[in-house]
Amino acid sequence: MDTFANILKHAHSGFRWLVLGALVFAIINALMKWQGGKEFKDSPDRKLNTIVAALVGVQFLIGLILYFVSPKVVFAAESMSSKVARFFLVEHFVMMLIAVVVISIGSSRAKKADTDAKKFRTTFIFFLIGLLIILLAIPWPWQGYGAGWS
C-alpha cells in the first residue's frame with residue numbers, strides 16, 4: 001500500500017473512535033434530556049448535533065478518498081465473488097453512506113422540530129439508527145476482512 005493510502009487508512013481507522021464516541025455521547029444526551037423534559041438549548045444541544053454530523057461527514061469524506069486509492073477496493077466483476085472485496089467495494093460504502101444520510105436528516109429535522117421533546121426524540125432516534133448502521137458496517141477484526149483495531 002502506498003504511503004498516501006496508508007496514512008488515509010490509519011486516519012480513517014483512528015478517527016472512527018472519535019465519531020463513535022461523539023455519537024454515543026449525543027445519543028445519551030438526547031435520551032436523558034428527552035426523558036427528563038429538558039429544554040433544547042441552541043448553544044450546547046444544537047452545537048453538539050452539528051458537531052456530530054460534521055464529524056460523521058469528515059469521516060465519510062476520508063473514507064471516500066480512501067475508497068478510490070485503497071488496494072482493498074477492486075473495481076472488477078470478480079470482486080463480487082470475494083467476501084472481502086465485495087465488503088469494501090459495496091457493503092461498507094453503501095451502509096456508511098446510508099448512515100451519513102440518516103444522521104444528517106436527523107440533525108436537520110431536530111433543528112426544525114417545534115418542541116424540545118421532538119428535537120431530542122428526533123436526535124435520539126436518527127442518531128441511534130445511524131450508529132447501529134455504522135457498527136454493522138465497520139470491518140471489525142473478528143469478521144475476517146483483514147482489518148485491525150487501529
Side-chain angles (χ1 to χ4, degrees), residues 1-35 40 44-114 118-150:
M1 181 181 292
D2 72 357
T3 305
F4 180 65
N6 199 32
I7 290 169
L8 283 175
K9 182 188 93 156
H10 286 293
H12 188 62
S13 185
F15 197 66
R16 81 174 143 187
W17 299 111
L18 180 61
V19 171
L20 291 173
L23 261 172
V24 168
F25 182 77
I27 290 165
I28 292 169
N29 179 66
L31 178 63
M32 291 175 59
K33 290 183 176 179
W34 170 32
Q35 296 301 311
F40 190 93
D45 298 315
R46 185 178 290 214
K47 282 183 183 178
L48 176 60
N49 287 2
T50 302
I51 289 168
V52 169
L55 289 172
V56 169
V58 168
Q59 177 72 338
F60 184 76
L61 183 60
I62 295 168
L64 188 60
I65 297 167
L66 187 59
Y67 185 76
F68 291 104
V69 298
S70 173
K72 289 186 178 184
V73 179
V74 180
F75 296 97
E78 303 84 43
S79 295
M80 298 312 283
S81 61
S82 165
K83 174 186 169 187
V84 173
R86 183 182 63 246
F87 176 80
F88 287 105
L89 180 65
V90 179
E91 297 166 11
H92 181 71
F93 173 76
V94 170
M95 289 175 70
M96 291 302 186
L97 177 61
I98 292 168
V100 169
V101 169
V102 167
I103 290 166
S104 297
I105 290 170
S107 180
S108 178
R109 283 192 179 178
K111 289 177 190 173
K112 296 174 185 175
D114 56 355
K118 285 182 184 177
K119 290 177 184 193
F120 287 124
R121 184 181 70 216
T122 300
T123 299
F124 173 76
I125 292 169
F126 279 83
F127 281 23
L128 180 60
I129 292 169
L131 175 63
L132 293 175
I133 294 168
I134 288 170
L135 291 174
L136 288 172
I138 290 175
W140 297 106
W142 59 84
Q143 292 177 305
Y145 294 126
W149 287 105
S150 61

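Along the sequence shown, residues are numbered consecutively beginning with 1.
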Please report whether the ring centroid of Phe25 lies less than 6.0 Å from that of Phe127. no
Please examine the side chains of Lys33 and Phe40, heavy atoms only from C-beta on, and report whether any two atoms are closer than 4.5 Å. no
Mind checking whether Ile103 and Ile134 have side chains closer than 4.5 Å, heavy atoms only? yes
Separation between CG (Leu20) and CD (Gln59), nearest 0.5 Å, reads 8.5 Å
Between Phe124 and Ile28, is a side-chain contact (heavy atoms from CB on, under 4.5 Å) present by the stated rule, with each step listed? CA-CA 8 Å; Phe124 173 76; Ile28 292 169; over 6 Å; no
Is it true that a side-chain atom of Ser79 and a backbone atom of Ala76 form a donor plus acceptor pair closer than 3.5 Å? yes
Rounded to the nearest 0.5 Å, how far apart are CG of Asp2 and CG of Leu8? 9.0 Å
Side chains of Val84 and Phe87: does their closest heavy-atom pair fall under 4.5 Å? no
Any Leu48 side-chain heavy atom under 4.5 Å of Thr123 side chain: no
Could you go through the salt bridge (charged side-chain N to carboxylate O under 4.0 Å, His left out) check for Asp45 and Lys119 one step at a time? CA-CA 9 Å; Asp45 298 315; Lys119 290 177 184 193; over 6 Å; no
Nearest non-hydrogen partners of Val58 and Phe15, listed with the distance: CG1-CE2, 3.9 Å
Quick check: does any side chain N or O of Trp140 sit under 3.5 Å from a backbone N or O of Leu135, one acting as donor and the other as acceptor? yes
Nearest 0.5 Å, please: how far is CG in Asn6 from OG in Ser70? 10.0 Å
If I take atom CZ from residue Arg16 and atom CD1 from residue Ile138, how far apart are they, to the nearest 0.5 angstrom? 5.5 Å
Residues in side chain to side chain donor-acceptor pair (under 3.5 Å) contact with Lys118, at least two apart in sequence or another chain: Asp114
Measuring from Trp34:CH2 to Ile27:CD1, what's the distance to the nearest 0.5 Å? 12.5 Å
For the student: nearest non-hydrogen atoms of Ala5 and Leu66, plus distance: O-CD1, 3.6 Å
Validation row: Ile65, His12 side chains within 4.5 angstrom (heavy atoms): no
Any side-chain heavy atom of Val73 sitting closer than 4.5 Å to one from Phe68? no
Output, in order, the C-alpha distance, side-chain angles, deciding distance and verdict of side-chain contact (heavy atoms from CB on, under 4.5 Å) for Lys111 and Thr50. CA-CA 10 Å; Lys111 289 177 190 173; Thr50 302; 3.8 Å; yes
Shortest non-hydrogen contact from Val52 to Ala22? CG2-O, 3.6 Å
Only counting residues at least two apart or in another chain, list the ones meeting salt bridge (Lys or Arg N to Asp or Glu O under 4.0 Å) with Arg109. none
To the nearest 0.5 angstrom, please state how far the CZ atom of Arg46 sits from the CD1 atom of Ile51. 13.0 Å
Does a side-chain heavy-atom distance below 4.5 Å link Met80 with Val90? yes
For the ring-ring contact (aromatic ring centres under 6.0 Å, His included) test, which of Phe88, Phe93, Tyr67 pairs with Phe75? Tyr67
N/O donor-acceptor pair under 3.5 Å between His92 side chain and Ala137 backbone: yes
